[in-house]
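Notes follow the structure.
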Amino acid sequence: MATHESTYRPTSRFAKWLDARLPLPRMMHAQFVDFPTPRNINYLWTTGGLLSFCLVAQIATGIVLAMHFVPSAADAFNSVEHIRRDVNYGWLIRNIHAVGGSMFFLAVYIHIGRGLYYGSYKAPREVLWIIGVVILLLMMATAFMGYSLPWGQMSFWAVTVITNLFSSVDSIIPGLGTRIVQWLWGGYAVSGTTLTRFYSLHYLLPFVIAGAVGLHIWALHVVGQNNPTGLEIKTTSDAVPMAPYAVMKDVFALSVFVMLFAWFVFYVPDYLGHPDNYVEANPLSTPPHIVPEWYFLPYYAILRAIPNKLLGVIAMFSSILLLIFVPWLDTSRVRSAKYRPIYKWFFWLFIISVVALGYLGSKPPEGSYVFWARVFTAYYFVHLLVVMPIVGVIETPSKLPRSISEAVLGKSGQPVNVGAPAAPERR
Amino acid sequence: MQREADLAHTADEPNRRDFIVIAAQAFAGVGAAMALWPFIHQMNPDASTQALASIEVDVSPIKEGQAITVSWRGKPVFIRNRTADEVKAANAVKVADLVDPSARNDALPEKAPATDPNRTKKGKENWLVLVGICTHLGCIPKGQSMSDAKGDFGGWFCPCHGSHYDTAGRIRKGPAPRNLEVPPYEFASDTKIKIG
């Protein structure tokens, strides 16, 4: 799709001069103005734009916070309070950054769920999908290190627990895991040294994410967007130019998203956080109940569901790394679950499992919570490793429309599902 | 076809240029690896952190059944004055029934069995000194204060992921793989412990 005929025509003398030297406006026009967009994409296809907005918002607010934050064990906690109370509009910028992390993950999980439902990972979009998984991992690393910076009790103990995951290597090569953990910490326990290095990396990684997003969009614009039918664009009538059609849809979705965002920022900025993080870090006392931020709860539930330390860590990491292989685990010839009568049900079971794991991750590891965490963890892996390959083979997909246009307009080429207008135009 | 034949020919007999290319690549590779090492090693514990500090603790105020937590090398150390019943309970357990059969005592070899005497000092069996870090993921187990939940085995209970330790600090139930570590320590006098 990247090779479509661009309608870019430089008019001014400067535009013509630049076009012969660095055709950047030509590229932007081809990729973001008249880029052919499937005419049937729904609102789930606006999440990419929302995510770009989140990344820019996090970087902009983060740069401001870095001007006032002091990355040391003695001062970090107080400097965050200083930002909230003393710095002009510090409360606003800090709230946008803190809530922004949650909004970023909300959008990315919807984005991934859409990709899974409509088969956006299937050929020729495997590389696009894998870059997406890499971005998810980078986001998780960035969010984890960012959460350590306020140096509250949850910050401190989250760092302790998560870095200690690497000590499980000790049960394969004795001593190596401990060495890795001490290398991460820069000491024999989590300390100010650890805080400083996490601060450095937390500032670096968003720019690495921005680079990966560039590759993600490049890969997307080579193969073109998927759509609810999972069919490729075959004729010009299957597509509309990105601007204004897809862009306006993105803008409308963004304004709704920003309303939700603003509601959190202005009314309940701490709703998604944890009160224990307003207690300064104390290396000699673990809070009675440690929980990660909501967006890590499903993985945390998987970790705790397995009674063996090493296997728990392996299960947790493979729950994400397995996504890399989804393009090959799914054996179906049809992309979109819309036309997969059996798989569709398994897909929703998978979503229910992930949500249930999120709930169980927030509960203490005892009694029936452990039992149910094991049930849903088992389904998570069964879905990816058994259901996807087998259902793809045994299922008979329902009849696909011949083209995107047919799906939208019907066989006659006339719009379907359009009755009389609610308020007929009168002249 | 002629060109392919030429390539095959040159591949068979490496010439001077091949040698120079391989030597230059190897030199650059080794140089890059060596230049990388300082950037990796700088993250390891630094000299000031490594300077092994030892601390002395006065244990005379700790009554039977009480415990205190002190900080050593940035880690919490549990010092517990066990009751006779607790010592008896710890001795009653067979090593074969333990999750981790190793004493995990820095003063003893790795293979020493996790019996209660191997986790304490002779003649001071009521005193239990442990690094208070759960061997699962590094939380600090509960059980130091009288009102704490002490788990199913009367020792410590880690609230993070539900590991239960007995009155000798040995893992009995839950995801932790090892017994709580016994740090290097000695009795400097009847009422003073030197850790480190």
Side-chain angles (χ1 to χ4, degrees), chain A residues 73 156-168 170-171 174-175 177-194 196-197 200-201 282-292 300-301 303-313 364-367 369-370, chain B residues 39-53 68-78 99-100 102 104 110 131-145 147-149 151-152 156-164 171 173-178 181 183 196:
Chain A
F156 185 92
W157 292 101
V159 172
T160 302
V161 168
I162 301 302
T163 49
N164 260 308
L165 294 178
F166 292 95
S167 70
S168 59
D170 272 344
S171 48
T178 309
R179 286 296 301 271
I180 294 172
V181 172
Q182 289 177 356
W183 177 73
L184 291 169
W185 289 342
Y188 303 104
V190 175
S191 67
T193 315
T194 323
T196 319
R197 62 188 53 182
S200 170
L201 295 172
N282 177 1
L284 295 185
S285 160
T286 308
H289 184 44
I290 302 187
V291 279
Y300 195 60
L303 170 75
R304 296 191 309 183
I306 291 167
N308 176 293
K309 177 173 167 180
L310 179 67
L311 292 179
V313 172
E366 56 201 27
Y369 294 131
V370 177
Chain B
F39 288 87
I40 294 170
H41 191 50
Q42 53 84 20
M43 277 174 68
N44 273 320
D46 62 26
S48 69
T49 311
Q50 276 186 332
L52 204 157
I68 61 162
T69 307
V70 295
S71 178
W72 171 68
R73 283 172 117 190
K75 306 178 194 180
V77 171
F78 294 164
V99 177
D100 176 17
S102 166
R104 304 286 168 198
E110 176 90 16
V131 174
I133 295 177
C134 180
T135 57
H136 180 225
L137 293 173
C139 293
I140 297 176
K142 294 273 158 197
Q144 284 295 88
S145 89
S147 57
D148 277 356
D152 293 355
W156 288 269
F157 170 70
C158 185
C160 294
H161 308 96
S163 291
H164 299 254
I171 179 67
K173 188 177 149 191
R178 280 180 286 121
E181 185 193 345

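Within every chain, numbering begins at 1; the chains are lettered A, B, ... in the order of the sequence lines, protein sequences first and strands thereafter.
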- Message: Heavy-atom pairs under 4.5 Å with chain B: which of W185(A), W157(A), W183(A) has the most?
- Response: W183(A)
- Note on the structure: In short, I140(B) meets T286(A) closest at the heavy-atom pair N-OG1, 2.7 Å
- Message: I need the N44(B) CG to T193(A) OG1 distance, nearest 0.5 Å.
- Response: 12.0 Å
- Item | Atom group of L284(A) that falls short of 4.5 Å from chain B, counting heavy atoms | both
- Query: Counting only N and O atoms by type, is there a donor-acceptor contact under 3.5 Å from the side chain of R73(B) to the main-chain atoms of Y188(A)?
  - Reply: no
- Could you look at S163(B) and say if it's the side chain, the backbone, both or neither that has a heavy atom under 4.5 Å from chain A? neither
- Query: Between Y300(A) and chain B, which part of the residue has a heavy atom less than 4.5 Å away: side chain, backbone, both or neither?
  - Reply: side chain
- Task: Taking all non-hydrogen atoms of both residues into account, name the closest pair between C160(B) and R304(A) and its distance.
- Result: O-NH1, 3.9 Å
- Query: With side chains defined as the heavy atoms from C-beta onward, is the minimum distance between V161(A) and C139(B) less than 4.5 Å?
  - Reply: yes
- Note on the structure: If one checks every heavy atom of S167(A) against chain B at 4.5 Å, the contacting part turns out to be side chain
- Message: How long is the straight-line distance from CD of Q42(B) back to CZ of R197(A), given to the nearest 0.5 Å?
- Response: 6.5 Å
- Does any heavy atom of chain B fall under 4.5 Å from the side chain of L303(A), the backbone, both, or neither of them? side chain
- Contact part of I40(B) toward chain A, heavy-atom cut-off under 4.5 Å: side chain, backbone, both or neither? both
- Contact part of P364(A) toward chain B, heavy-atom cut-off under 4.5 Å: side chain, backbone, both or neither? neither
- Message: Can you tell me how far apart CD1 (I180(A)) and CE (M43(B)) are? Round to the nearest 0.5 Å.
- Response: 11.5 Å
- If you count heavy-atom pairs under 4.5 Å between each of P307(A), A189(A), P287(A) and chain B, which one has the most? P307(A)
- Would you please test L165(A) and L137(B) for side-chain contact (heavy atoms from CB on, under 4.5 Å) and show each step? CA-CA 6 Å; L165(A) 294 178; L137(B) 293 173; 3.5 Å; yes
- Query: What residue, out of H136(B), R178(B), K142(B), K75(B), has the most heavy-atom pairs lying under 4.5 Å from chain A?
  - Reply: H136(B)
